[in-house]
Amino acid sequence: MREQFPILQRKINGHDLVYLDNAATTQKPQVVIDAMNDYYTNSNANVHRAVHTLAGEATDGYEACRESLKKMYNSDKVIITSGTTEAINLVAHAWGKANLSAGDAVVLTEMEHHSDIVPWQMLAKEMNIELRYVPVQQDLTLDMEIFEASLDGAKLVCVVHISNVLGVCNPVDEIISLSKSKGAKVLLDAAQSAPHQYIDFKSLGADFMAFSAHKMCGPTGIGALLVTNDVFDEMQPFMGGGDMIETVSIHGSTFQSNEHKFEAGTPKIAEAIGWNAALKWMQEIDFKSEHKRLLEIARWLSEQLRSMGMTVYGRHDDNDAAVVSFLHPTMNSEDLAHLLDARGFAVRTGHHCAQPLLERLKISGTVRASFYFYNTREEAEAFVKQLSEILERFA
Amino acid sequence: MREQFPILQRKINGHDLVYLDNAATTQKPQVVIDAMNDYYTNSNANVHRAVHTLAGEATDGYEACRESLKKMYNSDKVIITSGTTEAINLVAHAWGKANLSAGDAVVLTEMEHHSDIVPWQMLAKEMNIELRYVPVQQDLTLDMEIFEASLDGAKLVCVVHISNVLGVCNPVDEIISLSKSKGAKVLLDAAQSAPHQYIDFKSLGADFMAFSAHKMCGPTGIGALLVTNDVFDEMQPFMGGGDMIETVSIHGSTFQSNEHKFEAGTPKIAEAIGWNAALKWMQEIDFKSEHKRLLEIARWLSEQLRSMGMTVYGRHDDNDAAVVSFLHPTMNSEDLAHLLDARGFAVRTGHHCAQPLLERLKISGTVRASFYFYNTREEAEAFVKQLSEILERFA
Amino acid sequence: MSDLTLEDLIEEFQEVDDKMERLEMVFELSEEVNFLDVEHWNDSTRVRGCQSEAHVIVTIEQEKIIFKAGADSKLVQGLMGILTIALRDITPTQALELTPEFASDMGVLNSLSPSRSNGFRNMFDKVMMEIEQKM
Amino acid sequence: MSDLTLEDLIEEFQEVDDKMERLEMVFELSEEVNFLDVEHWNDSTRVRGCQSEAHVIVTIEQEKIIFKAGADSKLVQGLMGILTIALRDITPTQALELTPEFASDMGVLNSLSPSRSNGFRNMFDKVMMEIEQKM
Ligand SMILES: Cc1ncc(COP(=O)(O)O)c(C=O)c1O
Ligand SMILES: Cc1ncc(COP(=O)(O)O)c(C=O)c1O
């Protein structure tokens with residue numbers, strides 16, 4: 001597997017790269033790089049409404065990505081966006097504005113990524129909507145009692161499937177069925193879950209699901225919003241421009257009836273072709289056994305870190321992701337990350353775009369090591385060894 | 001030059017590719033493909049707020065694109081978007097909503113691309129704003145008398161620099177100075193001009209300028225909005241999410257003060273790196289002499305087409321672009337394009353996302369051949385020859 | 001009107017490699033169409049999702065399918081000609097067993113742009129729906 | 001407090017190839033700082049655009065620059081130490097001729113992440129502005 005990822009050959013400051021920043025973005029296998037290369041080298045053209053061969057190939061390539069996503073996630077509609085963030089903003093604008101009104105409530109959680117908070121704060125301000133934040137408890141889970149209570153009169157529930165800080169997997173089945181029973185729509189932020197598990201969108205029962213290609217072996221600049229047919233019909237256009245219209249005159253315009261309605265302008269063509277190659281590549285992965293393997297690494301690492309005196313923020317239950325957030329009692333996180341980088345270890349520090357969660361945990365940031373398919377137990381062991389050396393020398 | 005574009009080696013149905021669809025999107029030189037390759041192979045990471053080496057390289061690469069754009073176009077602020085279309089929608093949402101009010105007028109022209117019409121129609125509907133369309137005259141120029149009259153009480157003028165259908169270059173100096181004298185801001189749609197000329201944004205005096213990388217040798221999925229400092233300060237956030245905030249709490253958020261404020265979520269990293277390589281590559285081009293060369297080809301082609309009985313929609317004045325739109329008196333445009341494709345010629349047909357312009361011209365579409373740096377006179381000659389053969393056999 | 005059968009057509013198409021020649025064959029097949037005059041074109045006859053104007057009317061008389069069609073593109077009319085041949089001499093029941101795959105098999109669809117071949121599928125679907133309704 | 005000069009520092013840094021060792025040197029330079037106690041940290045002392053908390057105060061007494069600084073990161077404090085050495089024994093007028101490039105020349109900035117080295121530039125700019133104001 002590792003030899004399929006050319007970047008893993010990279011030396012950092014003379015040392016082997018140990019890339020543990022996968023929750024921020026993952027590396028790309030050669031097949032993904034090659035697919036985009038091939039597109040630019042052989043088939044580059046603008047898509048839709050064109051007759052010539054290259055345009056046909058580009059159109060087929062672009063739409064094939066949508067088809068793959070539809071099949072893989074069992075979704076009626078797949079809108080291609082520039083990422084999770086745009087997907088969530090699209091829900092706020094295209095669905096929220098048309099279906100919410102002053103006084104309506106939207107339920108969020110304290111575990112959300114900023115991308116699933118700020119769009120709602122902006123909408124709330126504009127439309128006078130009430131936002132309700134479900135608290136995170138000491139055990140790092142959502143307070144389901146408060147969640148249930150907060151559903152009263154709620155029109156929409158926005159919840160992160162797997163926390164990018166804690167790796168905690170939320171009980172989405174329960175969240176969705178409770179929400180549905182109260183008539184609230186559900187938006188699932190799957191940025192951290194789609195890379196790690198097969199999700200049957202239709203069976204799950206959510207109304208929207210957002211995720212990014214770059215966190216699942218695909219290119220930057222592309223993501224998707226899955227939508228059910230019913231809710232799709234409730235959405236009004238968001239951005240205007242080419243490709244999303246049926247007719248335009250100076251008296252007004254009519255719009256496409258399919259996903260193109262929400263894909264204004266020249267789309268992310270090379271990106272879609274790259275992502276499609278990544279999706280194909282991922283189909284060879286045994287998600288279940290990989291999940292188990294990575295989770296075991298995460299559990300082992302957490303234990304080691306704790307025994308070194310670190311505080312670990314995570315519980316690593318069976319469905320949680322292999323994300324290990326921790327803090328040293330005295331050493332500054334960024335100093336630590338700099339020192340780790342000197343030996344080739346890439347970890348992330350800071351608030352991980354989840355300040356409300358950190359505020360609840362009464363910290364301002366963590367050091368985060370996050371694992372993906374190409375990471376090994378040996379890397380985790382090397383990480384622990386390096387960390388001990390650094391602490392001995394610097395702490 | 002041609003050997004730098006690998007796709008030009010491509011055979012289409014057994015024939016050399018003659019790519020004349022450059023107004024839709026241009027091909028990419030090897031250096032651009034290589035730059036993105038190199039990024040994914042050696043430096044891929046998420047940007048901003050990160051400590052490790054790869055993240056540093058990715059951040060530097062991303063921001064270097066912005067710096068290049070700032071220098072090349074002499075702009076205070078450069079917001080990276082997914083393309084011209086998003087850039088214009090950004091103006092509508094971030095500036096329009098905060099600075100326009102019911103009854104205000106926005107001036108458009110009949111020559112606009114749908115991307116510079118539909119966002120304004122949507123905003124007009126939402127905010128009860130008046131849209132005024134400057135007509136296109138028989139000679140394919142804007143009616144400047146009506147333009148001037150339409151400025152009364154106008155807050156914003158949106159105008160395409162070079163028409164993607166006609167190649168006509170609008171008198172933007174005059175348009176901008178007239179608009180400024182009436183206190184209206186100006187948004188320039190430079191999607192077709194930025195690929196062909198150096199534009200000094202500050203000297204030109206417009207407030208906004210939008211364009212796409214893919215039409216100027218860069219990758220898909222990225223573009224830019226240039227903004228002056230003054231107008232930048234009048235803009236409110238558009239999409240919410242990571243990277244665009246300063247702080248987030250459940251009580252509210254504060255935003256970045258620089259361009260990041262409008263770049264929510266993981267940005268278009270590989271795309272920025274590819275575009276930067278394209279910008280560098282373009283700096284080796286003698287724009288003036290290339291413009292002259294291409295315009296001569298366009299003039300020659302127009303003449304040939306007219307002598308073959310075609311109607312040509314274009315005038316090819318000194319500042320116009322090498323875009324040749326035409327119609328055969330009886331033969332269906334798409335049939336013609338199919339037949340041309342059988343011999344390797346890529347042209348575009350249809351409404352070119354400019355239906356109001358076509359309505360004014362009383363046609364529903366054209367066949368469009370558009371030229372770029374790598375096109376040659378020989379290709380134009382081969383095109384004419386092929387066209388004659390097709391007409392003889394099929395018309 | 002020729003007495004070409006669908007089998008003849010498929011064979012003929014498969015023999016030709018040159019795309020231009022294939023397109024020429026499609027052009028010629030526009031002759032096979034029972035032409036629907038422009039004055040009968042309206043919203044109910046329109047094939048949606050076609051880039052050009054394409055119109056069809058289907059009626060059934062004594063177990064025979066009467067298919068009339070017209071388009072502003074000769075290529076599209078050629079596709080209509082292919083469908084005309086496919087529907088010739090078969091019963092409505094037999095027609096409903098057709099799938100648009102025969103056109104892919106002929107290699108005619110991949111000589112066309114994705115939007116044109118989508119257009120063909122849309123036309124095919126509309127015609128089948130009308131046959132079903134009018135049976 | 002050592003009697004290191006900026007020249008000594010630049011030379012020392014350039015001799016070291018290993019990034020970890022360079023960082024160690026920066027860590028050690030945190031000792032050079034005239035420490036600004038946390039209780040004096042406030043909005044006016046804060047260096048903006050720094051990921052960690054970084055605070056500086058500059059005063060001028062008899063043509064000498066008094067530079068006090070503190071940060072929650074030892075690396076940042078090391079950068080403050082470098083600036084302390086750079087400002088040692090020069091007049092405010094001489095100080096204003098400094099550019100942050102000396103830190104690049106030392107190779108210290110490229111051992112740091114872009115946001116940290118931006119942080120250094122911001123700190124440098126703030127200190128220079130205060131010197132100018134207080135001259
Ligand atoms: C004049 C003009 N404006 C806007 C656009 C839209 O650009 P994009 O599709 O890259 O957003 C185009 C490209 O088709 C154009 O030619
Ligand atoms: C849980 C979660 N939601 C949303 C996002 C935003 O994704 P993107 O930056 O790709 O738009 C991320 C990634 O940082 C994430 O981890």
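Atoms considered below: every heavy atom in the structure, side chains included; atoms not considered: hydrogens, waters and symmetry mates. Reminder, nothing fancy here: chain letters follow the sequence lines and each chain counts from 1.
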Quick one: which of A/Ile33, A/Asp34, A/Thr84, A/Ile250 has the most heavy-atom pairs under 4.5 Å with chain B, could you say? A/Ile250
How about A/Thr53 and B/Arg10: do any of their side-chain heavy atoms sit closer than 4.5 Å? yes
Max heavy-atom pairs within cutoff under 4.5 Å with chain A, candidates B/Tyr19, B/Phe5, B/Phe345, B/Tyr39, goes to B/Tyr19
Would you find a donor on one side and an acceptor on the other, under 3.5 Å apart, between the side chain of A/Asn89 and the backbone of B/Gly240? yes
Residues B/Leu54, A/Ile12; criterion side-chain contact (heavy atoms from CB on, under 4.5 Å); working and verdict: CA-CA 8 Å; B/Leu54 297 183; A/Ile12 302 290; 3.9 Å; yes
side-chain hydrogen bond (donor to acceptor under 3.5 Å, both in side chains) involving B/Ser333 - partner list, sequence neighbours excluded: none
At a heavy-atom separation under 4.5 Å, does B/Asn22 approach chain A through its side chain, its backbone, both, or neither? neither
Testing A/Gln355, A/Gln121, A/Met122 one by one against B/Ser253 for a side chain to side chain contact (heavy atoms under 4.5 Å, CB included), which residue passes? A/Gln121
Answer key: most heavy-atom pairs under 4.5 Å with chain B among A/Ser82, A/Gly252, A/Cys353 is A/Gly252
Exam field: side chain A/Asn44 to backbone B/Ile7, donor-acceptor pair closer than 3.5 Å: no
Region of A/Val367 in contact with chain B, defined by heavy-atom distances below 4.5 Å: neither
Within the 4.5 Å heavy-atom criterion, are A/Lys268 and B/His214 side-chain neighbours or not? no
Heavy-atom contact with chain B under 4.5 Å, split by part of A/Leu8: neither
Hey, can you tell me if B/Phe238 and A/Phe238 have their rings parallel, tilted or perpendicular (30° and 60° cut-offs)? tilted
Per-residue tally against chain B (heavy atom, under 4.5 Å) across A/Lys215, A/Glu57, A/Met244 peaks at A/Glu57
Check whether any side-chain heavy atom of A/Met36 sits under 4.5 Å from a side-chain heavy atom of B/Met36, and report yes or no. no
Within-4.5 Å side-chain heavy-atom neighbours: A/His52 and B/Arg348: yes
Would you say the side chain of A/Ile245 lies within less than 4.5 Å of the side chain of B/Val118, judging by non-hydrogen atoms? yes
So which heavy atom on B/Pro119 is nearest to which on A/Gly241, and how close? CD-N, 4.5 Å
Quick one: of A/Thr25, A/Thr85, A/Val248, who has the most non-hydrogen atom pairs under 4.5 Å with chain B? A/Val248
Looking at side-chain heavy atoms only, is the closest gap between B/Glu126 and A/Lys97 below 4.5 Å? yes
Segment of A/His352 engaging chain B (4.5 angstrom heavy-atom cut-off): neither
Heavy-atom proximity to chain A below 4.5 Å, by part of B/Val347: backbone
Check whether A/Thr247 gets within reach of chain B through its side chain, its backbone, both or neither, counting any heavy atom under 4.5 Å. both
If you take the centroid of each ring, where Trp contributes its six-membered ring, are B/His93 and A/His93 closer together than 6.0 Å? yes
Shortest non-hydrogen contact between A/Gly242 and B/His114, atoms and distance: N-CB, 4.1 Å
Pairwise distance CD(A/Glu110) to OG(B/Ser249) - rounded to 0.5 angstrom: 10.5 Å
Heavy-atom check, side chain of B/Gln27 versus side chain of A/Tyr40, under 4.5 Å: no
Exercise: do A/Glu271 and B/Thr220 side chains pair donor with acceptor under 3.5 Å: yes
Might you point out which heavy atoms bring B/Ala337 and A/Val51 nearest each other, and give the distance in Å? C-CG1, 3.5 Å
Which of A/Leu108, A/Asp341, A/Leu340 touches chain B most, by non-hydrogen pairs under 4.5 Å: A/Asp341
Is it the case that the side chains of A/Asp21 and B/Asn46 hold a donor-acceptor pair, with the cut-off being a distance below 3.5 Å and no angle test? no
